[in-house]
K.L.:
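Quick one: this structure, given as structure tokens, is what I'll be asking you about.
Order of listing sets the numbers, starting from 1, for every ligand and every atom in it.
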Amino acid sequence: MIASKMHVKKNDLVMVVNGKEKGKSGRILRVLPEKEKVIIEKINFIKRHARPHGKQRQGGILEKEAPLHISNVMLLCEKCNKPVRIGHRMMEGSKKARYCRKCGEIFDK
Ligand SMILES: [Zn+2]
């Protein structure tokens, strides 16, 4: 059985549980499976100096979300309103769904 290390996926609501962004939550915009990282909306902004080139009118400071390692994020259960441990459950048609181990809420509907 191949177990994916990625416990989160795009559009998941997650909370950062480690590092300088600890306690913040947001939606996952992108998953980078090969790096085991995720990009979360409005979290872990880094400032970048953009150089003017091509069509861009001018350079300046660009703020962009930097990826966070998945070990630093946990799925946020909207029912429990806190980051929770997830379990896996087989659904109809042998679809695998993640659920909240606390309240049983299923995340993959
Ligand atoms: Zn829950």
Side-chain angles (χ1 to χ4, degrees):
M1 198 174 125
I2 302 159
S4 166
K5 280 183 202 159
M6 305 297 290
H7 61 287
V8 289
K9 52 191 185 187
K10 201 179 163 185
N11 290 327
D12 276 351
L13 188 63
V14 293
M15 184 175 270
V16 183
V17 292
N18 258 315
K20 69 180 170 76
E21 303 285 54
K22 191 175 170 177
K24 291 187 186 172
S25 58
R27 294 250 168 222
I28 293 182
L29 295 176
R30 252 183 94 191
V31 177
L32 311 164
E34 69 285 356
K35 289 180 184 153
E36 293 179 10
K37 286 182 171 182
V38 288
I39 294 172
I40 310 161
E41 190 180 24
K42 297 191 179 79
I43 287 183
N44 205 27
F45 269 118
I46 45 160
K47 281 185 178 144
R48 264 197 195 156
H49 293 273
R51 281 192 196 145
H53 69 99
K55 281 181 217 151
Q56 273 177 326
R57 279 148 275 155
Q58 50 177 250
I61 295 167
L62 210 77
E63 289 204 7
K64 210 170 181 273
E65 288 102 338
L68 277 174
H69 196 263
I70 52 161
S71 64
N72 293 329
V73 304
M74 274 178 89
L75 208 60
L76 190 69
C77 175
E78 287 176 84
K79 257 193 179 167
C80 299
N81 200 28
K82 58 172 116 174
V84 292
R85 292 199 157 271
I86 55 162
H88 289 95
R89 189 180 280 173
M90 285 311 232
M91 303 294 282
E92 267 179 70
S94 68
K95 237 182 92 185
K96 224 160 122 193
R98 298 163 304 161
Y99 70 95
C100 169
R101 286 206 190 172
K102 262 209 164 86
C103 71
E105 175 80 351
I106 290 168
F107 296 108
D108 303 295
K109 283 174 191 157

K.L.:
Can you list the steps and then say if Asp108 with Lys9 is a salt bridge (charged side-chain N to carboxylate O under 4.0 Å, His left out)?
P.N.:
CA-CA 10 Å; Asp108 303 295; Lys9 52 191 185 187; 3.1 Å; yes
K.L.:
Looking at Arg27, I want to see if its CZ is surrounded by more than 12 non-hydrogen atoms of other residues, nucleotides or ligands under 6.0 Å.
P.N.:
yes
K.L.:
What residues form a side chain to side chain donor-acceptor pair (under 3.5 Å) with Asp12, not counting sequence neighbours?
P.N.:
Arg98
K.L.:
May I have all residue pairs that pass side-chain hydrogen bond (donor to acceptor under 3.5 Å, both in side chains) and include part of residues 76-91, sequence neighbours excluded?
P.N.:
Lys79-Glu105
K.L.:
Could you identify which residues cluster with Ile61, counting Ile, Leu, Val, Met, Phe, Trp and Tyr as linked when any side-chain heavy atoms lie under 4.5 Å apart, either directly or through a chain of such contacts?
P.N.:
none
K.L.:
Side chain of His7, backbone of Val73: donor and acceptor closer than 3.5 Å?
P.N.:
yes
K.L.:
Near the Zn ion (ligand 1), which protein N/O/S atoms are found at less than 2.8 Å?
P.N.:
Cys77 SG, Cys80 SG, Cys100 SG, Cys103 SG
